[in-house]
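Comments concern the structure below.
In what follows, every heavy atom counts, from backbone to side chain, and hydrogens, waters and symmetry copies are set aside. Read the numbers this way: they start at 1 and go in the same order the structure lists the ligands and their atoms.
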Amino acid sequence: MQDEPPVVVLRLGHRPGRDERMTTHVGLTARALGADRLVLEDAAAGRKETVTDITDRFGGPFEVEVTDRPLGRLRSWDGAIAHLTMYGQPVQDREDEIRTAHRDEPLLVVVGAEKVPFEVYERADFNVGVTNQPHSEIAALAVFLDRLFEGRELDRTWEDAEKRVVPKAAGKRVVDLDDEA
Ligand code: SAM
């Protein structure tokens with residue numbers, strides 16, 4: 001988020017056809033809940049446009065990058081690394097240390113699609129489970145980011161948005177910000 005070291009989400013793996021919506025939703029969740037950037041592998045390049053389109057309409061900043069060397073990104077990362085995995089240590093036991101690390105340096109958050117190479121477990125500073133039950137990378141990322149930011153991401157501001165949702169108890173209202181100016 002603004003005024004903090006960057007949080008970058010690395011989405012490892014993407015099965016074309018099967019993972020299209022999951023990868024899109026990893027990106028949308030990363031953006032909505034306070035991450036600064038998403039890194040996709042080239043098999044998922046088609047998802048970039050959808051996430052960028054949402055950022056263009058509803059605001060940022062949020063970047064999406066595509067790489068043909070996702071593990072290279074992990075190896076060369078200069079900062080802390082948290083890998084979300086059902087086999088990891090409970091997020092509630094490690095979140096203080098992760099927040100402390102993120103106060104001073106960028107944080108890479110790794111989520112998988114299928115089996116993640118063992119190198120990721122070795123390279124990560126924190127292998128973190130959001131429960132030790134199997135569920136989804138989207139759910140794990142959402143809970144993790146909310147714990148990391150302690151809820152501050154819910155009140156963040158959005159820059160350069162074309163549209164804004166006006167919260168309502170019932171019904172839907174979306175305003176065009178050009179009309180408001
Ligand atoms: N066996 C995998 C694992 O290591 O968690 C489950 C694969 S799951 C379909 C895809 C991704 O969801 C995983 O790579 C992991 O990032 C995330 N995930 C699933 N369950 C999780 C949990 N309980 N805690 C943290 N991350 C989880």
**Item:** Polar proximity ligand 1 side, Asn132 side, N/O cut 3.5 Å exclusive
**Value:** no

**Request:** Check the pair Thr23, Arg47 against side chain to side chain donor-acceptor pair (under 3.5 Å), reporting the backbone distance first and the verdict last.
**Result:** CA-CA 7 Å; Thr23 299; Arg47 302 296 92 208; over 6 Å; no

**Item:** Which segment of Gln133 sits under 4.0 Å of ligand 1 when only heavy atoms are counted
**Value:** backbone

**Message:** If the cut-off is 4.0 Å to any non-hydrogen atom of Ala140, which atoms of ligand 1 fall inside it?
**Reply:** 25 (C), 26 (N), 27 (C)

**Ligand-side contact atoms (ligand 1) for residue partner Val128, heavy atom cut-off under 4.0 Å** = 25 (C)

**Prompt:** Using a heavy-atom cut-off of under 4.0 Å, does the side chain or the backbone of Ser136 touch ligand 1, or both, or neither?
**Reply:** backbone

**Message:** Main chain of Gly60, side chain of Glu159: is a donor-acceptor contact present, judged purely on distance under 3.5 Å?
**Reply:** no

**Request:** May I ask you to list the atoms of ligand 1 that are less than 4.0 angstrom from any heavy atom of Val111?
**Result:** 16 (O)

**Message:** Only heavy atoms of Tyr87, strictly under 4.0 Å: list the atoms of ligand 1 that pass.
**Reply:** 1 (N), 3 (C), 4 (O)

**Request:** Would you mind running through ligand 1 and noting each atom that sits below 4.0 Å from a heavy atom of Tyr121?
**Result:** 4 (O)

**Request:** For Gly129, counting its heavy atoms only, list the atoms of ligand 1 lying under 4.0 Å from any of them.
**Result:** 24 (N)

**Asked** Do NZ/NE/NH1/NH2 and the carboxylate oxygens of Arg152 and Glu4 come within less than 4.0 Å?
**Response** yes

